[in-house]
Structure formats: C-alpha cells, structure tokens
2 protein chains.
Amino acid sequence: MLSKKSQYAFRALTTLARHQGKGPLPISKIVKEHPMSVKFLETILLELRKNDILGSRKGKGGGYFLLRPPEKISLAQIIRILDGPIAPLKCVSLNFYERCEDCNEVSCGLNKLMAEVRDAKLKVLVNRTLRELI
Amino acid sequence: MLSKKSQYAFRALTTLARHQGKGPLPISKIVKEHPMSVKFLETILLELRKNDILGSRKGKGGGYFLLRPPEKISLAQIIRILDGPIAPLKCVSLNFYERCEDCNEVSCGLNKLMAEVRDAKLKVLVNRTLRELI
DNA sequence: GCTTAATCCTACATAATCTATAGGGTTAAG
DNA sequence: CTTAACCCTATAGATTATGTAGGATTAAGC
C-alpha cells in the first residue's frame with residue numbers, strides 16, 4: 001500500500017507538473033488545490049528536493065518546481081524516495097537489497113516469485129510518469 | 001513489502017505442501033525445518049485455518065494440513081488473508097475497497113495507474129501457487 | 001481413566017513505523 | 001524592515017507489526 005506521504009506527494013507533483021516552466025510554486029498555493037497539512041507537505045517536498053526531483057527558491061516569491069519535465073519523472077522514482085523498496089522482499093530489491101538471514105536465496109522459491117512481482121510492478125511504475133498523472 | 005507473517009506462512013505452507021496427503025503435520029515438526037517462534041506460527045496457521053486454507057486435527061497425532069492441493073492455492077489468497085489488499089490504494093482494491101475521502105475517483109489520475117499496478121501484481125500472484133513454491 | 005501432545009482462543013506486551021506537529025532559522029523581494 | 005517563502009531537526013501521537021502468555025479443549029494410546 002502507498003503511504004500517505006506518497007499519495008500527498010503525487011497530488012502536489014501533479015500541480016507542480018501542470019505549472020511547469022512558470023517559475024516556482026509555493027506550498028501555500030499547492031495546499032489550496034489539495035487541502036492537507038502545510039507542515040507535513042513541507043517535509044515531503046523537502047525530501048523530494050534532497051533527492052533531485054524538485055528544485056526550490058527561498059524567500060518571497062519563492063517555491064518549488066520540477067527539475068525535469070514531467071515525462072522524465074517516473075512514479076517508481078517517487079515511490080522509492082518516499083516509501084522505499086518496490087520489491088516485496090529486500091532480498092530481491094534492486095535499490096534496497098539486503099541479504100536474507102534465515103532463508104537460502106538459491107533454494108528459496110519465494111524470492112524467485114517475488115522477483116516476478118517486482119518486475120511486474122516496475123514495468124508499470126518505471127514507464128508511467130507524472131505526465132500520465134495530469 | 002511482505003510482512004513477516006506472510007513470509008513465515010509461506011515457509012510453513014511449503015512444508016505442508018510437500019507433506020500433502022500424508023496426514024496432519026504438527027507445528028513442532030514445521031518449526032524444526034523453519035526455526036521461528038512456535039506461538040507466532042500458531043496464530044498464523046490459525047488464521048489460515050479460519051480462512052479455509054488449512055484444516056486441522058486436535059489432540060495427539062494432530063496437526064495442520066492443506067484443504068486443497070498446492071496448485072489450487074494461489075499466493076494472492078494467502079497474502080490477502082495475512083497482509084490485506086494487493087492493490088496500492090484501497091480505492092482500487094478488488095477485495096478491500098474503500099472510497100477515497102479527499103480525491104475524486106473519476107478525475108484522479110493516480111487511481112488509474114495504481115489499478116494497472118494492481119493488475120500487474122495480480123497477474124503473477126493469482127497464477128502462481130504453492131506448487132511453484134516447492 | 002490418565003498422560004501426553006496437540007490445536008484453540010484471546011488478551012496483552014513490545015517494538016517499529018507512519019503521520020503529523022512544533023518551533024525556530026535562513027533567505028530574498030520590495 | 002517587513003513579509004513570505006523555504007530549511008532543518010526533534011519529537012509527539014497514533015497505528016500497525018511482531019511476538020508472548022496462559023490456559024482451555026481435544027483426542028490417541030496405554
């Protein structure tokens with residue numbers, strides 16, 4: 001399940017995508033379109049900025065903006081930043097790999113099937129971008 | 001991400017699937033193959049029994065057994081019982097549907113994309129069964 | 001019948017994570 | 001100098017995940 005963080009992020013990103021190329025958009029404007037806690041959204045957008053999805057400008061007239069065009073930002077990138085692994089198990093994660101302690105990866109049937117699930121999810125999440133969200 | 005509950009369940013179910021047709025298998029035997037908390041596994045198997053995946057026999061010589069052959073038990077069934085929805089959002093869940101409060105489902109672009117993710121996951125999880133886990 | 005070994009039931013404890021808030025610091029326009 | 005914005009980090013509160021406890025019930029086999 002998507003976290004609230006990711007859900008809120010997608011809403012805000014939709015607005016930012018529609019506003020793309022028109023300069024920075026402040027949080028105050030975003031929450032007018034999508035009612036939610038300003039402070040919570042702030043931490044979310046900050047995290048997206050630290051991960052090079054968003055840029056920002058401080059001070060009056062400042063705000064956030066996409067660093068790339070919407071069609072270059074996949075849903076997978078956003079979800080990985082805010083929710084972590086897309087794979088159902090760390091031991092088959094491409095970006096958050098961790099070894100299983102108590103199951104042998106070679107003989108474990110589950111990881112093979114979960115790798116299939118991972119690929120099925122990625123096929124959608126990598127190819128779908130903010131463009132499709134608008 | 002799969003919960004520990006589901007992970008433990010799949011390990012136990014693998015053992016039960018291999019033992020299928022040979023009578024009930026007690027928890028004590030299962031944990032010998034897969035070291036884990038007996039009590040925790042007990043609650044898991046109980047939940048699977050209440051959801052008609054497993055049968056049980058009480059008393060000495062008792063234990064658990066699959067109610068159907070392994071190839072008739074999909075991974076999706078198990079995950080839904082122990083982890084809930086397979087869809088990334090309740091508003092696109094087939095088995096755990098709940099209306100979104102603060103987004104319009106008709107115009108919301110996210111739910112369409114998340115329905116695609118759901119279908120991609122289901123395609124694997126419905127067609128893969130305990131048979132493939134052995 | 002008694003012993004033993006099993007499931008059944010449910011409440012609770014503990015830990016981890018998610019969600020949200022707080023409070024101030026920094027920056028820049030006008 | 002005022003105002004409006006982002007920046008940073010800690011922490012509170014709620015929820016969920018994980019695991020434990022303790023006994024009740026059942027049935028086999030001697």
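Letters go in sequence order (proteins before strands), and every chain restarts at 1.
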### Query
With a 4.5 Å heavy-atom cut-off, do Ile27(A) and Tyr64(A) have their side chains touching?
yes
### Task
Round to a whole Å and report the spacing from NZ of Lys29(A) to P of dA5(D).
7 Å
### Message
If you compare every side-chain N and O of Ser37(A) against the phosphate oxygens of dT21(C) (OP1, OP2), does one of them come in below 4.0 Å?
### Response
yes
### Task
Remember a base hit wins even if backbone is also touched, and classify Lys4(B) as base, sugar-phosphate or nothing at under 4.0 Å, heavy atoms.
sugar-phosphate
### Message
Determine whether a donor-acceptor pair (one donor, one acceptor, N or O, separation below 3.5 Å) exists between the side chain of Lys58(A) and the base of dG25(C).
### Response
no
### Query
What's the CZ-P distance between Phe65(B) and dT7(C), to the nearest Å?
11 Å
#### Entry: Pair of N/O donor and acceptor under 3.5 Å linking dG22(D) base with Lys39(B) side chain
yes
### Query
Can you find a donor-acceptor pair, distance only, under 3.5 Å between Glu42(A) side chain and dC6(D) base?
no
### Task
With the side chain counted from C-beta on, respond yes when Arg118(B) and Leu122(B) share a heavy-atom pair under 4.5 Å apart, and no when they do not.
yes
### Query
How many Å lie between NZ on Lys60(B) and P on dG29(D), as a whole number?
8 Å
### Message
Any carboxylate oxygen within less than 4.0 angstrom of a Lys/Arg side-chain nitrogen, looking at Glu47(B) and Lys5(B)?
### Response
yes
#### Entry: d(NZ, Lys90(B); P, dT15(D)) in whole Å
13 Å
### Task
Specify the separation, in whole Å, of atom CE of Met36(B) and atom C1' of dA17(D).
16 Å
### Query
Between the side chains of Gln77(B) and Arg68(B), does any donor sit under 3.5 Å from an acceptor?
yes
### Task
Taking only the side-chain nitrogens and oxygens of Arg49(A), find out if one of them lies under 4.0 Å from OP1 or OP2 of dC6(D).
no
### Query
To the nearest Å, how far apart are Ile44(A) CD1 and dC6(D) P?
14 Å
### Task
To the nearest Å, give me how far apart CG (Leu41(B)) and C1' (dT20(D)) are.
14 Å
### Task
Under 4.0 Å between any heavy atoms, over every strand shown, what does Leu45(B) touch: base, sugar-phosphate, or nothing? Just pick one.
nothing
## Note on the structure
note: Glu47(A), atom CD; dC8(D), atom C1'; distance rounded to Å ~ 13 Å
### Query
At under 4.0 Å, does any side-chain N or O of Tyr8(A) touch on OP1 or OP2 of dA20(C)?
yes
### Residue Leu46(A), side-chain heavy atoms: nucleotide from dT7(C), dT20(D), dC8(D) that is nearest
dC8(D)
### Query
Which part of the nucleic acid does Gly63(A) contact within heavy-atom distance under 4.0 Å: base, sugar-phosphate only, or nothing?
sugar-phosphate
### Query
Hey, are Arg18(A) and Glu33(A) close enough for a salt bridge, meaning a charged N less than 4.0 Å from a carboxylate O?
yes
### Query
If each of Asp83(A) and Arg57(B) is mapped to the nucleotide of DNA chain C with the nearest heavy atom, which maps nearer the 5' terminus, i.e. the 5' end?
Arg57(B)
### Query
Do side-chain atoms of Asn51(A) reach the backbone of Ile81(A) as a donor and acceptor pair under 3.5 angstrom?
no
### Message
Quick check on dC8(C): is either OP1 or OP2 less than 4.0 Å from any side-chain nitrogen or oxygen of Ser56(B)?
### Response
yes
#### Entry: Pairwise 5' ranking along DNA chain D for Gly61(A) and Lys50(A), keeping only the more 5' one
Gly61(A)
